[in-house]
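Okay, structure first, notes after.
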There are 2 protein chains.
Amino acid sequence: MVGIDEVARHAGVSTATVSRALSGNGHVSPATRLKVEAAADELGYVVSSTASSLASGRMKNIGVVVPFLDRWFFSSVVEGAQKSLLNNGYDLTLYSLTGGGAERRSVFDHFLLRQRVDAVIAISLELTATEVTSLHALGKPLVGVGGPIEGVRTLTIDDVAVARLATEHLLSLGHTRIAHIGGNKDLDLDFHLPTNRRVGYENALDAAGITPAAELFMTADFTMRGGYQAAKQLLGNPHDRPTAIFAASDEMAIGAILAAKDLGLVVPRDVSVIGVDDHELADFFGLSTIAQFPQGQGAKAVEILLDQLSPGKHLTPNLNTPMPFELIVRSSTAQTPR
Amino acid sequence: MVGIDEVARHAGVSTATVSRALSGNGHVSPATRLKVEAAADELGYVVSSTASSLASGRMKNIGVVVPFLDRWFFSSVVEGAQKSLLNNGYDLTLYSLTGGGAERRSVFDHFLLRQRVDAVIAISLELTATEVTSLHALGKPLVGVGGPIEGVRTLTIDDVAVARLATEHLLSLGHTRIAHIGGNKDLDLDFHLPTNRRVGYENALDAAGITPAAELFMTADFTMRGGYQAAKQLLGNPHDRPTAIFAASDEMAIGAILAAKDLGLVVPRDVSVIGVDDHELADFFGLSTIAQFPQGQGAKAVEILLDQLSPGKHLTPNLNTPMPFELIVRSSTAQTPR
DNA sequence: ATGAAAGCGCTAACAA
DNA sequence: TTGTTAGCGCTTTCAT
């Protein structure tokens, strides 16, 4: 392993100059900078991140905590964050909490505290006050993605507005019997997302002078199977079945499309379906949806954090940053049959 | 941040003893170990990983490189590795190469070399000789998952055997016109997987005295849409259409099931379908498949690496470790109609 | 079994 | 603009 002093000797300067030239901190004349870079290149020198971190207190590494990794939303956010970090010379250390309680405690009590990360991104995780406090005590910036955390800067789409938009799209097509497949409330990783989306749905109906019917609301677990079962229930009713379904996630919406097919109904002729996410499968199924952009959310989280880490810059600490969303109309929604 | 000397003072011992007691290296009397642990607990002491790494040369961190993250196989392997690492006190630093060439170079030339990881796991990545060499030059153990890499320890299922098993399952049900949807060869991240699976398919047919028909072989891109299109082509043929399809991945197999439905065919009455993976959606679609266990592959990769890192133990360097697979029969395969 | 002390390889005052 | 040098917080010989 070639070290900094070897580069210094090679370039005929001091180690301090090498450090300055390569890191960009401090002033170095263009001429010497070139000399140093050449020497470093030639020797294949790469700074030892441990030594650099120990001396400077900066890790150039940020921790990302997710409840699971094998879900489209989470892995997409992580991917967005990763890309952005790479461009900034940062590493991403991943903590996936699949194991449950014990693992979670070990991550928060131990892993995140050992001076290995400069900041942390928590994805769709409802952090306890203790967890937030211990992170803040270390002076580690923290941002949440996908749900508001008490006293923490977070990025999330406006779930109420998203649901309202989806419902309004259906209303504008003439639908009046619009069902909603929401999430069960005990999905603790999803905050009040299920509730908020239901509220948006009801708001839109109210505004159109329609009273939300209890029998048109079903809950499921955000999976395709859950959506399928709920939709079968909804559409199997021989009388007064809904002409449109708004599902709180694309996976559930796809399940609903499949359920409709199995019941001999044609989408969108007999029933319109809209979801939320713009999941990777949405296009294949022709699903209309409200797109959110998880990769962009990951990238934005990184941007905020790096900004917070750069000295001097102290952003307005507005606690919730709304993220963009967008209606995408495909072939699963159409005018109501007259 | 409370440091090691504070703990030492608190416990009435030297910093060296604290280090030994907490790390498990070197001999410490049970009594003092207890004292030290108590003091550390009380003060909420956590070793500074940077200082520890700098002094010891061990990072307790391993790098995982993936081509993408938002695919079931990759995220599952990562999740398996993560879990296993956490239990061993290791961190996982993730590099996702989505960006292409530039990103890839930056990861291999820079990120992986800065003494931050003890070893690396490459998932479904065909590493160049240069990449392998530079990693080996640093003495960093390397294991590949999901495809053989020249001169590198790898974990993979026996693709030929997997394909043979899937095909034999269909043969045993009486099918003789069995189609295969394979991968296009230019998916460079997939090694010879497409070819190997095709070979296994043909082997099985040959053994049954059936000549593989060229018109029963289609390629696709491992996605649901690709499988759908290929299957429409295969099943749309009014004469002599296949009675069974073996797809090289579950996503393609699910696409095939949907295509069959759209053509008015009933699975498995009119056509049987089998895939490979045991994807999270396989169960919902009732898909028979050859399961591979990506989480287990991730865990196994970690096990090998940690073993390699522990002093003394030098495993047999058998270059390819075959991973388990298993036929799972659901409702998409049945006896051929007589 | 424990302690003293010399680094690990770099960064950041401080000086020049 | 550049060099000198004192740490960063731990681990690990080498003594004892």
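Letters go in sequence order (proteins before strands), and every chain restarts at 1. The model shown is predicted, which means the values in this text are computed figures rather than measured ones.
- Residue A/Ser52 places none of its side-chain N or O atoms closer than 4.0 Å to OP1 or OP2 of C/dC10.
- Counting only distance, with no hydrogens or angles, the side chain of A/Ser96 and the backbone of B/Glu79 share no donor-acceptor pair below 3.5 Å.
- In terms of position along DNA chain C, the nucleotide closest to B/Gly26 lies nearer the 5' end than the nucleotide closest to the other residue of the pair B/Gly26 and B/Ala51.
- Comparing B/Thr32 and A/Val2 by the nucleotide of DNA chain C that holds the closest heavy atom to each, the one mapping nearer the 5' end is B/Thr32.
- As rounded to whole Å, 14 Å separates atom P of C/dC8 from atom CE of B/Met59.
- Judged purely by atom type and a 3.5 angstrom limit, B/Arg33 uses its side chain to pair as donor or acceptor with the backbone of B/Ala21.
- In this structure, CD of A/Glu6 is placed 13 Å from C1' of C/dG9, rounded to the nearest angstrom.
- In this entry the distance linking CZ of A/Arg116 with P of D/dG9 reads 17 Å, nearest Å.
- Nucleic acid contact class of B/Arg33 (heavy atoms, under 4.0 Å, all strands): none.
- With B/Lys140 contributing its side chain and B/Val117 its backbone, the two residues share a donor-acceptor pair below 3.5 Å.
- Listed pair A/Ser56 / C/dT11 fails the phosphate criterion, with no side-chain N or O lying under 4.0 Å from OP1 or OP2.
- The separation between B/Leu22 atom CG and D/dC10 atom P is 10 Å, rounded to whole Å.
- The CD atom of A/Gln115 sits 20 Å away from the P atom of C/dC10 (whole-angstrom rounding).
- Contact between the side-chain N/O atoms of A/Ser19 and the OP1/OP2 oxygens of C/dT11 is found at a separation under 4.0 Å.
- Proximity of B/Thr17 to the phosphate of C/dG3: a side-chain N or O atom is located under 4.0 Å from OP1 or OP2.
- Across C/dG9, C/dA1, C/dT11, the shortest atom-to-atom separation from the side chain of B/His27 is found for C/dA1.
- Toward the 5' end of DNA chain D, the nearer of the two residues A/Ser14 and B/Ser23, judged by each one's closest nucleotide, is A/Ser14.
- As a whole-Å value, the separation of B/Arg9 CZ from D/dG9 C1' is 13 Å.
- Spacing between atom CE of A/Met1 and atom C1' of C/dC10 amounts to 13 Å, rounded to whole angstrom units.
- Residue-level contact check: B/Val13 touches the backbone only, with heavy atoms under 4.0 Å from sugar-phosphate atoms and none from bases.
- Within the 4.0 angstrom heavy-atom criterion, no nucleotide atom of any strand lies near B/Arg114.
- Between B/Leu112 and B/Tyr95, some side-chain heavy-atom pair lies under the 4.5 Å cut-off.
- Salt bridge absent: A/Arg9 and A/Glu6 never bring a charged side-chain N and a carboxylate O closer than 4.0 Å.
- Between the CG atom of B/Asp5 and the P atom of C/dG3 there is a distance of 14 Å, rounded to whole Å.
- Comparing B/Arg20 and B/Ser48 against DNA chain D, the residue whose closest nucleotide sits nearer the 5' end is B/Ser48.
- Using a 3.5 Å distance cut-off with no hydrogens or angles, the side chains of A/Ser49 and A/Ser52 do not pair a donor with an acceptor.
- Phosphate proximity of C/dT11 to A/Thr15: absent, as no side-chain N or O sits under 4.0 Å from OP1 or OP2.
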